[in-house]
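Heads up: the structure comes next, in structure tokens.
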Amino acid sequence: MTELATSYMGLALRNPLVASPSPLSYTLDGVRRLAAGGVGAIVLYSLFEEQLRKQQAHTTELVDGPAESFPEALDYVPAVMKEDPGPRRYLNLLERAVASVDVPVIASLNGITAEGWTDYARAMQGAGAAAIELNIYYLPADPRTHGRDVEQRHIEVLQRVKEAVGVPVAVKLSPYFSSIGEIALSLDEAGADALVLFNRFLQPDIDPEELLILPEVTLSNPADGRLPRAWIALLRGRISASLAATTGVDVAADVARYLLAGADVVMTTSALLRHGPGYAGELIDGLSAWMARKGFGSLDQLRGMLSVPADTDQAAYARAGYVTAMRAANAGSYDPW
Ligand SMILES: Cc1cc2nc3c(=O)[nH]c(=O)nc-3n(C[C@H](O)[C@H](O)[C@H](O)COP(=O)(O)O)c2cc1C
């Protein structure tokens, strides 16, 4: 018997697989399908503060039909924001999702103004969100932007939201920092309940024949998981925030890889978009089968087994990287595959 129950920033989860934000959670039916598929928690798609989302919300509303009720959570939102159909629809969906599924529903927020971050976060808490994930999707497009300012912005956003709500707050980070470790430690000290590694930015391509920019969102590949996995392995045991892995889960072995590196939970979007929400059940069954085959009875027995040990020579690690350091640390001891 394998036990998959786990905890993520204090939330009790039936298993460590979490549906990360995507169009799969745009509707109540989508949320229900994700829960029925077997995930341990659901992070709703991100509420974007800016105008951009308005059009999208409007389009979705046309598909969904009008909101059925005005959630009480809207009491927290200033009048001007209530006119925006994006937040209204989001909070309505959140409230109904929380009432409809038996797994924690985490709200995701992308703000641009101080008020946007705090007022919406408060409203999400009011609508029943089990936790809030801050999707700090910020591209310093001005080439004169200082790295320190970008980091400080992350810390301030987190601090403001932590002051505004009592539910756990996760920060979804991009990998584009000079020192990921330092920003992770700073966010941990500033009160982050979880770090989600890493956000994937929309990276438009160029069509040389049509001479056009292609704003396409591409789905991930398993190899894309190597970067977040290396950082999770390094941060494991060095911060008190929970660690969530996002990017590159295709098969159950990818979930196992992240857990061995030290992730508390493993998120998935591309695989569920490719195969449907029911594929979560296959990932979970595959994880159970692998644990049974390897003799692991619970996640505690394997989580972080291949993280970077605390006594690792940091200088050697910095020079040679994860692979060499791990080879030395685990020489002859254990081969999980
Ligand atoms: C179509 C699409 C929409 C997404 N929308 C959001 C979003 O609203 N907020 C967010 O934080 N991440 C969003 N993501 C990112 C995913 O949540 C996830 O972090 C990323 O796709 C990497 O995980 P994966 O390799 O399992 O796909 C989106 C991804 C895709 C493909």
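Just so you know, ligand 1 is whichever comes first in the structure, and atom 1 is the first atom listed for that ligand.
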| remark: When Ile42, Leu34, Val31 are each screened for side-chain contact (heavy atoms from CB on, under 4.5 Å) with Val103, the one that passes is Ile42
| query | So is Glu133 polar-close to ligand 1, meaning N/O to N/O under 3.5 Å? | reply | no
| said: For ligand 1, which is the ligand I care about here, please tell me if Asn199 has any N or O atom under 3.5 Å from one of the ligand's N or O atoms. | reply: no
| query | Is the Phe198 to Tyr176 ring centre distance short of 6.0 Å? | reply | no
| query | Can an N or O of Asn135 be found at a distance shorter than 3.5 Å from an N or O of ligand 1? | reply | yes
| request: Kindly give the heavy-atom pair with the smallest separation between Leu91 and Ala127, and that separation in Å. | output: O-CB, 4.0 Å
| With respect to atom 3 (C) of ligand 1, which of Gly225, Ser220, Pro23 exhibits the smallest heavy-atom separation? | Pro23
| Hey, is ligand 1 close enough to Thr218 that some N/O pair sits below 3.5 Å? | no
| request: Would you please say whether a donor-acceptor pair under 3.5 Å links the side chains of Asp224 and Thr247? | output: no
| query | Backbone or side chain, does any N or O of Phe48 fall under 3.5 Å from an N or O of ligand 1? | reply | no
| Val98 to Gly128 - nearest heavy-atom pair and separation | CG2-O, 3.4 Å
| Short N/O distance, under 3.5 Å, between Thr268 and ligand 1? | no
| message | For the residue pair Arg200 / Thr246, report whether a side-chain donor-acceptor contact shorter than 3.5 Å exists. | response | no
| Option of least heavy-atom distance to atom 27 (O) of ligand 1 (set: Ser270, Ala271, Pro21) | Ser270
| said: Pairs of nitrogen or oxygen atoms closer than 3.5 Å, one from Arg200 and one from ligand 1: do any exist? | reply: no
